[in-house]
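Here is the structure we will look at, set down as structure tokens.
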Amino acid sequence: MKEKLVLIGNGMAGVRTLEELLKLNPDKYDITVFGAEPYGNYNRILLSPVLAGEKTMEDIMINDDAWYAEHDITLHKGVKVTAIDRKRRLVRSESGVETLYDRLLLATGSKSRFLPVPGKELEGVIGFRDIHDVEYMLRVADGGKNTVVIGGGLLGLEAANGLAKQGMNVTVVHHSAYLMNRQLDRPAADLLKQAMEGIGIQFRLKASTEALLGETHVKAVCFVDGTEIPADLVVMAVGIEPNMELAKSAGIYCEQGIVVNDTLQTFDPRIYAVGECVQHRKQLFGLVAPVFEQAKVCANHLAEFGIARYENSVNSTKLKVTGIELFSAGQFQGGEATEDMTFQDPARGIYKKLVVKDNRIKGAVLFGDTIDGAWYFQLMRENADISAFREHILFGQSQMGEVGHGAENKAANLPDTAEVCGCNGVCKGDVVKAIIGQKLFTLDEVRKHTKASASCGSCTGLVEQILASTLGGDYSTAPSKKPMCGCTAFTHEEVRSSIPKLELKSIPQLMEVLEWKTPDGCPSCRSALNYYLLCAWPGEYKDDPQSRYINERAHANIQKDGTYSVVPRIWGGVTNPQELRAIADVAEKYQVPTVKITGGQRIDLLGIKKQDLPKIWGDLNKAGFVSGHAYGKSLRTVKTCVGKEWCRFGTQDSTGLGIKTEKMTWGSWTPAKFKIAVSGCPRNCAEASIKDLGVVCVDSGYEILVGGNGGIKVRVTDFLCKVETEAEVLEYTGAFMQLYREEARYLERTAHWIERVGLNYVKQRLVDDPQNRAALHERFLLSQQTSQIDPWAERAAGLEKEQFEPIKLQNVS
Amino acid sequence: MNDWQHIGTLNDIPAQGARVVETAFGNIALFRTQANEVFALRDRCPHKGGPLSQGIVHGRKVACPLHNWVINLDSGEAIAPDVGCAQRFAVKVEQDEVYLSASSAT
């Protein structure tokens with residue numbers, strides 16, 4: 001029989017947890033939901049636009065009755081739970097009905113905090129929390145009436161804006177010297193006040209409320225200094241208080257809220273809590289993004305996956321007041337050892353501040369131009385090293401140029417007709433329409449409904465930006481953990497770390513233990529898993545050719561007509577007449593239509609039929625060639641210039657070093673293709689500064705460069721260090737490749753990887769820590785022992801014969 | 001009417017893989033899923049003619065090696081939003097022996 005799960009609180013946090021749970025394990029529980037409000041589940045964040053008349057109640061409903069029915073969830077709308085009996089494991093409703101549970105989820109939310117002043121219970125004094133409050137405000141709103149909003153925080157200002165839009169005469173009362181002091185610094189707050197005064201809202205700052213006056217209905221607000229202002233409506237927006245009376249009465253430990261651990265469990269292990277009612281690591285929650293993250297983690301534990309932890313993410317805030325652009329995230333005030341970077345343009349009403357520590361963004365405040373909020377926030381969340389583009393960062397992502405910061409075009413600037421997803425031909429307008437029309441919250445949902453970013457994934461960043469700009473900043477944090485692919489909820493890192501921990505040694509075993517959602521994965525996760533397992537268990541893991549892309553399975557590059565191209569390895573790009581003759585013979589013998597010199601100084605034979613591959617390889621093997629791996633996520637080539645043996649400028653033996661490097665590194669599998677070059681002098685004829693690893697010889701030694709890329713976005717390498725001997729170059733090369741092999745995500749080029757983890761991190765592991773460098777190099781060489789087996793020779797000798805030989809069918813009538 | 005022709009044994013086709021059958025009127029791809037089901041499709045992606053036999057087989061689907069269209073093995077239809085269909089052929093497995101009806105294109 002199914003276990004029983006009872007949810008108390010039919011709000012965003014609780015229902016989101018159910019949605020996540022249904023995705024992971026739809027059949028585990030019989031689910032019953034109690035909601036005190038007489039509505040379905042609606043999007044509380046969008047109450048402000050409803051109040052401002054920009055959206056209707058219908059627009060903000062998330063799950064209607066049909067959704068509950070479809071998932072066999074019993075919903076008690078408008079039914080309050082009054083008691084939890086933890087001994088008998090049941091909840092009791094107002095009317096005395098008892099419902100048993102095996103697990104209980106509390107998502108009781110919060111209520112508006114009311115200032116403890118005389119008159120707070122008068123008619124016309126309300127909070128701003130639910131549909132009821134909004135309906136009340138809309139009912140009494142009438143041109144010219146006086147409204148006082150107490151509290152100049154996010155919620156108070158949104159309420160003020162909405163009421164002003166309804167024609168009310170609005171005054172905001174705030175105890176601090178400036179508005180939104182929990183999210184803004186002084187200069188931004190002053191700009192905000194100016195802008196809001198521009199739409200007719202008045203302010204009383206540094207004001208303390210003494211009492212609310214009136215007989216039965218509120219008439220005025222009286223301040224400590226004795227002054228009074230008239231008020232027909234008073235909105236309390238001075239903060240929220242978790243609803244924890246029910247939990248408390250059941251003896252569940254509470255402080256400011258219901259105390260939960262990193263798995264969202266209360267002190268009673270059968271009872272979980274999520275959302276605004278909880279207190280986690282001394283913190284309360286009022287924004288949706290962290291609540292959604294909690295929901296995800298909680299669902300993971302309810303489904304008994306038991307892997308995720310909630311570790312309290314940084315949040316960002318965006319004010320939902322039309323015409324006012326405001327963004328705030330992280331430690332916006334700065335603190336010890338932080339630096340402020342600011343940009344001010346008073347004439348355009350723009351203010352930007354970044355709080356930076358050790359070249360990493362710790363906080364941001366943007367006013368007037370928030371277009372880069374999502375980008376700064378992403379850099380902050382990823383703890384990315386900004387030193388490379390620090391001098392331009394305040395000018396925004398669009399000023400970064402073609403230097404490859406993974407910078408996509410800015411979503412908000414794009415016209416609706418702009419194609420976002422080139423694979424599936426999806427325009428921005430389609431995505432926006434689906435987000436609004438289908439009420440989508442996550443990247444996955446957008447993928448499912450529009451196919452945008454569902455193929456190659458290169459537009460994922462852009463689609464996320466559209467999601468963020470369409471829904472407002474609250475949503476920008478939603479996927480701080482990106483799953484590997486649709487087959488699993490785990491990230492690349494989570495999967496990878498579980499391989500040694502759980503001793504996972506094959507793809508089927510891994511999929512079983514980590515509860516893959518598909519029977520045997522998809523092309524994207526299978527190829528990644530094959531690589532991760534290969535890297536984790538060198539010499540032990542049996543490679544799975546069926547999980548490799550065709551080029552790596554056939555050890556040649558597929559062309560558009562289904563033929564293949566063959567690139568034999570030419571060490572360091574140095575060849576001789578005998579080798580060239582052998583290549584020419586092969587080209588003639590098999591009537592190769594095109595012979596071309598590649599960008600990496602090798603020779604490409606194009607237009608070869610698959611069944612001829614093993615024979616050609618056999619002939620090339622006889623002439624001393626091995627596979628050039630031009631087809632693989634692997635070491636491609638080591639490009640060289642002639643160096644001091646011939647060149648009058650050459651400082652070192654760059655060709656000799658290139659050959660040694662290639663002999664050491666060939667055959668290694670890497671997360672994405674890996675290119676090396678060695679130049680003999682700083683003139684850099686081998687173009688080492690756009691390679692994954694480049695060596696530039698100088699008179700006194702060798703400069704090692706990393707993280708270059710000559711692809712779509714050119715990225716010049718970063719300088720790693722300078723060494724004196726060839727032996728050191730080889731050690732750094734092996735160590736760098738191994739660090740990249742062990743830590744980069746599958747298909748992540750070194751350029752993106754370094755931008756994600758920061759050059760300083762790579763330096764710490766390689767330059768500052770010689771022991772670690774030696775250990776990495778040793779692991780690289782160990783892995784090479786079983787990788788440097790020529791795949792061509794094996795297949796020329798008959799391995800995987802059926803792949804290359806078609807079955808011939810005669811006598812078809 | 002089916003003219004069944006013996007192709008070989010199940011083990012001649014790699015699991016989660018495919019084998020090409022050359023016929024007088026073009027190549028047919030025989031797919032074998034992880035669950036040991038066998039399907040036969042014309043070895044041409046409806047998109048740009050890529051050889052489907054060279055794609056990655058997952059579930060009852062194959063991803064074309066050229067542009068990653070995903071084709072349903074049982075229907076030959078491309079997965080939405082892509083639209084197109086690869087020709088199907090009848091295939092049967094009896095006691096691990098595989099038979100194809102190359103004239104039974106549907």
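- For chain B, the nearby part of A:Arg548 is the backbone; its heavy atoms alone come within less than 4.5 Å.
- The minimum heavy-atom distance linking A:Pro519 with B:Gly59 is given by the pair CG-CA, 4.5 Å.
- With a 4.5 Å cut-off on side-chain heavy atoms, B:Ile56 and A:Cys522 do not count as touching.
- For B:Arg44, the CZ atom counts as loosely surrounded, since its 6.0 Å shell holds 12 or fewer non-hydrogen atoms of other residues, nucleotides or ligands.
- Here the side chain of B:Arg19 pairs a donor or acceptor atom with the backbone of A:Glu805 at under 3.5 angstrom.
- The two residues A:Ile550 and B:Pro65 come nearest to each other via the heavy atoms CG2-CB, 3.6 Å.
- Around the NZ atom of A:Lys505, the shell of radius 6.0 Å holds more than 12 heavy atoms that belong to other residues, nucleotides or ligands.
- For the pair B:Ile13/A:Glu802, no side-chain contact is recorded, criterion being any heavy-atom separation below 4.5 Å from C-beta on.
- Neither side chain, B:Gln54 nor A:Tyr549, offers a donor N or O lying under 3.5 Å from an acceptor on the other.
- Contacts of B:Ala15 with chain A are made by backbone atoms alone, with heavy-atom separations under 4.5 Å and no side-chain atom involved.
- Counting heavy atoms of neighbouring residues, nucleotides and ligands inside a 6.0 Å radius, atom CD of B:Glu97 exceeds 12 of them.
- Rounding to the nearest 0.5 angstrom, the gap separating the CD atom in A:Gln803 from the OG atom in B:Ser53 is 9.5 Å.
- Nearest heavy-atom pair, A:Asp520 versus B:Gln16, reported as atom, atom and distance to 0.1 Å: OD2-NE2, 3.1 Å.
- Heavy-atom pairs under 4.5 Å with chain A were tallied for B:Leu100, B:Thr33, B:Val21; the largest tally goes to B:Val21.
- Residue B:Lys48 places its NZ atom among 12 or fewer non-hydrogen atoms of other residues, nucleotides or ligands, all under 6.0 Å distant.
- Of all non-hydrogen atoms in B:His58 and A:Gly521, the two that sit nearest each other are CB-O, 3.4 Å.
- Residue A:Ser527: no heavy atom, backbone or side chain, is found under 4.5 Å from chain B.
- The structure places CD of B:Glu22 at 10.0 Å from CG of A:Leu809, a figure rounded to the nearest 0.5 Å.
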Exercise for review: Start with the C-alpha distance between B:Leu66 and A:Ile558, add both sets of side-chain angles, then the distance that settles side-chain contact (heavy atoms from CB on, under 4.5 Å), and finish with yes or no.
Suggested key: CA-CA 8 Å; B:Leu66 292 194; A:Ile558 196 165; 4.2 Å; yes
